[in-house]
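Treat the numbers as computed from the prediction; the structure is a model and nothing was measured.
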Amino acid sequence: MSVNVPTSVLVVDDEPDLRTLYELTLLREGHQVAAAGDLAQARECLAQQRFDVLITDMRLPDGLGLELLRELNTNQRTEKCIVITAYGSAENAVESLKSGAFDYLTKPVDLKQLRAAVSAAQASQRQLPDATRNPQTSIARTAPPPAGGVRSLARIVGNAPSVLQIKERIEKVATSMAPVLILGESGTGKELVARAVHECSHRANGPFVAVNCGAIPENLIESEFFGARKGAFTGASQDREGYFQAAQGGTLFLDEIGDLPLAMQAKLLRVIQERRVRALGGVQEDAVDVRLVSATHRDLAALVASGDFRQDLFYRLNVIELRTPALRERREDLPALIEALLRRLCDESGAPVPSVSPAALMWLQAHELAGNVRELENLLQRALAMSQGPSLEPDDFGALDDGDAAPQLALPAQPAPDAGPIEAGHSIPGDLQAFLDNQERLVLLKALKEADFNRTAAAARLGLNLRQMRYRIQRLGITMPSDPALDDGDAG
């Protein structure tokens with residue numbers, strides 16, 4: 001039978017009134033609290049016992065609170081550290097997080113946020129059962145991630161060194177409140193990594209809210225992020241919560257953060273610094289408890305240099321950086337990825353999972369796969385639709401159609417789509433499939449142009465559904481003016 005052990009907290013602050021306020025607040029929560037007025041006293045307390053949580057002001061009479069944090073890391077101590085920084089001191093906050101702090105608070109400290117930060121710090125210390133702990137040193141040994149975290153990590157398929165490294169880093173960063181920035185090409189699995197960070201953290205029981213920053217109309221973006229009060233704008237018939245409120249107690253994943261407009265970047269920075277949001281049309285600010293994870297396939301440093309992305313926001317988001325490797329950098333994982341994707345695709349459709357012939361695997365290995373795992377998934381979907389047997393062959397992937405040429409290369413001119421049947425004296429095409437594909441391509445292009453490249457309208461004109469239209473566009477290599485439907489979310 002487990003017994004709830006009170007959280008032991010060491011508070012380090014040189015202002016007696018503030019130190020007493022923090023002590024009383026935490027004592028009322030049932031915590032065991034010790035206090036110190038400077039670095040020297042704090043070191044004496046740490047030498048005498050171990051604590052669960054250390055709360056330290058950044059500036060102390062005999063040095064910086066960061067010195068304590070670095071000493072804890074050097075000595076491999078298990079205390080979770082919360083640093084208190086001056087209001088608006090973004091550099092100190094970022095520096096403390098990069099040095100390993102669990103969280104930071106800004107002055108004047110909101111006592112509700114203080115209590116929440118201590119509870120979160122204690123919850124983040126995953127510990128093995130009491131029987132496995134060393135009773136003489138009372139050092140808590142970190143346990144594996146919770147079951148949901150293990151499953152989430154397993155969904156990141158592969159054993160290449162770059163994949164194993166990112167999984168290891170996910171486990172490490174999950175136990176912090178520090179913002180995470182995930183960088184990588186489109187289709188490399190950035191959302192899978194973000195979900196794994198969430199599932200491996202103490203916030204796993206809270207919500208995971210994913211937002212595509214490039215998909216929100218600019219005139220709605222503030223209300224979508226922060227919520228809106230009834231009557232705030234035309235059509236606002238009732239109060240509505242935003243993404244930050246929806247992610248309360250959990251993780252907010254901002255995908256394609258590089259697409260966020262500059263005006264919204266300034267507002268997001270303020271929320272990160274103050275941890276409060278004001279709904280559109282509201283007068284009161286509400287505290288938010290959210291772990292922020294961002295992702296982009298764009299070069300944020302270049303956007304900062306060009307003035308398209310705020311430098312201060314970049315520093316706030318890029319506290320912990322994770323990079324998802326491109327598929328060309330881990331070709332050895334291709335068989336495992338193919339197996340996992342086929343299993344998922346067939347589970348969704350209820351079809352048996354086919355094998356992949358050696359020739360088909362060789363064709364995929366030789367394919368560029370510039371779209372990474374998303375392109376691989378699309379190729380497998382096509383092969384499953386085209387396959388006639390229990391094994392996928394190269395021609396199921398279009399290998400015989402494409403040869404060594406790129407899919408968009410123009411074919412020799414063929415009769416117009418409205419031409420009648422081949423008359424006597426007209427030559428029979430030497431490649432029937434290429435001839436038919438070209439006929440279909442011309443018909444689709446005509447329908448798309450007449451519908452201003454609206455795929456839904458063009459599909460209805462041809463008696464197809466949208467899924468069939470998308471498949472044909474991809475199979476025939478038709479280039480669309482813009483193709484958001486093929487560039488939403490990450491796979492793999």
Side-chain angles (χ1 to χ4, degrees), residues 152 155 170 173-174 177-199 201 203-228 232-233 236 239-280 282 286-298 300 303 308-310 313-314 316-322 324 374 482 484-492:
S152 196
R155 286 194 287 269
I170 287 169
V173 306
M177 274 290 290
V180 176
L181 178 62
I182 306 169
L183 302 175
E185 296 177 11
S186 182
T188 52
K190 296 188 288 294
E191 184 166 341
L192 281 181
V193 171
R195 286 186 180 275
V197 170
H198 172 73
E199 294 290 344
S201 75
R203 296 176 166 263
N205 292 328
F208 176 87
V209 177
V211 180
N212 186 334
C213 296
I216 309 171
E218 192 163 348
N219 62 322
L220 295 178
I221 197 164
E222 186 174 353
S223 62
E224 291 294 311
F225 269 77
F226 308 139
F233 53 86
D239 290 353
R240 186 166 59 84
E241 67 177 14
Y243 298 133
F244 274 92
Q245 292 95 330
Q248 185 78 358
T251 302
L252 179 60
F253 173 50
L254 301 181
D255 197 9
E256 296 308 339
I257 189 73
D259 294 337
L260 204 63
L262 275 169
M264 189 60 195
Q265 291 177 27
K267 293 172 182 176
L268 178 60
L269 177 65
R270 184 174 181 273
V271 172
I272 294 173
Q273 290 178 166
E274 300 184 16
R275 299 189 181 180
R276 290 180 172 277
V277 298
R278 177 185 291 138
L280 193 65
D286 299 316
V288 288
D289 174 25
V290 169
R291 171 81 178 275
L292 206 60
V293 179
S294 308
T296 183
H297 71 281
R298 305 179 69 182
L300 283 190
L303 292 179
D308 294 316
F309 201 87
R310 293 180 63 106
L313 179 59
F314 174 65
R316 273 301 179 106
L317 297 174
N318 193 28
V319 175
I320 297 173
E321 184 179 296
L322 299 176
T324 53
R374 184 183 296 117
S482 62
L486 297 179
D487 194 29
D488 54 345
D490 280 316

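Using a 30° and 60° split on the angle between ring planes, Tyr243 and Phe225 fall in the perpendicular class, above 60°. Ring geometry for Phe314 versus Phe309: interplanar angle over 60°, hence perpendicular rather than tilted (30 to 60°).
The backbone N or O of Pro179 sits nowhere less than 3.5 Å from a side-chain atom of Arg291 that would complete a donor-acceptor pair. Checking side-chain atoms of Glu321 against main-chain N and O of Leu181 turns up no donor-acceptor pair under 3.5 Å. Proximity of a side-chain donor or acceptor of Gln248 to a complementary backbone N or O of Val290 within less than 3.5 Å is not detected. Between the side chain of Gln265 and the backbone N or O of Arg310 there is at least one donor-acceptor pair closer than 3.5 Å. Put simply, the side chain of Lys190 never gets that close to the backbone of Asp255: no donor and acceptor are under 3.5 Å apart.
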Phe244/Leu252 under side chain to side chain contact (heavy atoms under 4.5 Å, CB included): CA gap, chis, key distance, verdict: CA-CA 7 Å; Phe244 274 92; Leu252 179 60; 3.7 Å; yes
Verdict with supporting geometry, Leu313 and Ile272, side chain to side chain contact (heavy atoms under 4.5 Å, CB included): CA-CA 9 Å; Leu313 179 59; Ile272 294 173; 3.8 Å; yes
Worked verdict on Val180 versus Ile170 for side chain to side chain contact (heavy atoms under 4.5 Å, CB included): CA-CA 10 Å; Val180 176; Ile170 287 169; over 6 Å; no
Worked check of side chain to side chain contact (heavy atoms under 4.5 Å, CB included) between Asp289 and Met177: CA-CA 10 Å; Asp289 174 25; Met177 274 290 290; 4.1 Å; yes
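Atom CG of Leu183 is separated from atom OG1 of Thr324 by 8.0 Å, given to the nearest 0.5 angstrom. With rounding to the nearest 0.5 Å, the separation of CG in Asp286 from CD in Gln245 is 7.0 Å. The distance from atom CZ of Phe253 to atom CD of Glu191, rounded to the nearest 0.5 Å, is 5.5 Å. The distance from atom SG of Cys213 to atom CG of Asp259, rounded to the nearest 0.5 Å, is 7.5 Å. Note that the CG atom of Asp239 and the CG atom of Leu280 stand 11.5 Å from one another [nearest 0.5 Å]. Here the CD atom belonging to Glu274 is positioned 9.5 Å from the CG atom belonging to Leu269, to the nearest 0.5 angstrom.
Across every non-hydrogen atom of Thr296 and Gly258, the tightest pair is OG1-N, 3.9 Å. Pairing each heavy atom of Ala194 with each of Ile182, the nearest pair is N-CD1, 3.6 Å. Thr188 and Glu185 make their closest contact through OG1-O, 2.6 Å (heavy atoms, listed as atom of the first residue, atom of the second, distance). The heavy-atom pair separating Ala178 from Val319 by the smallest distance is CB-CG1, 3.8 Å. Here the closest heavy-atom approach between residue Gly249 and residue Arg203 is recorded as C-NH1, 3.2 Å. For the pair Ala196 and Ser152, the tightest heavy-atom approach, listed with the atom from each and the gap, is CA-OG, 3.1 Å.
Within the 4.5 Å cutoff, no side-chain heavy atoms of Thr251 are placed close to those of Val209. In this structure, the side chains of Leu260 and Leu268 come closer than 4.5 Å at one or more pairs of heavy atoms. With contacts defined as side-chain heavy-atom distances shorter than 4.5 Å, the pair Val293/Val193 does not qualify.
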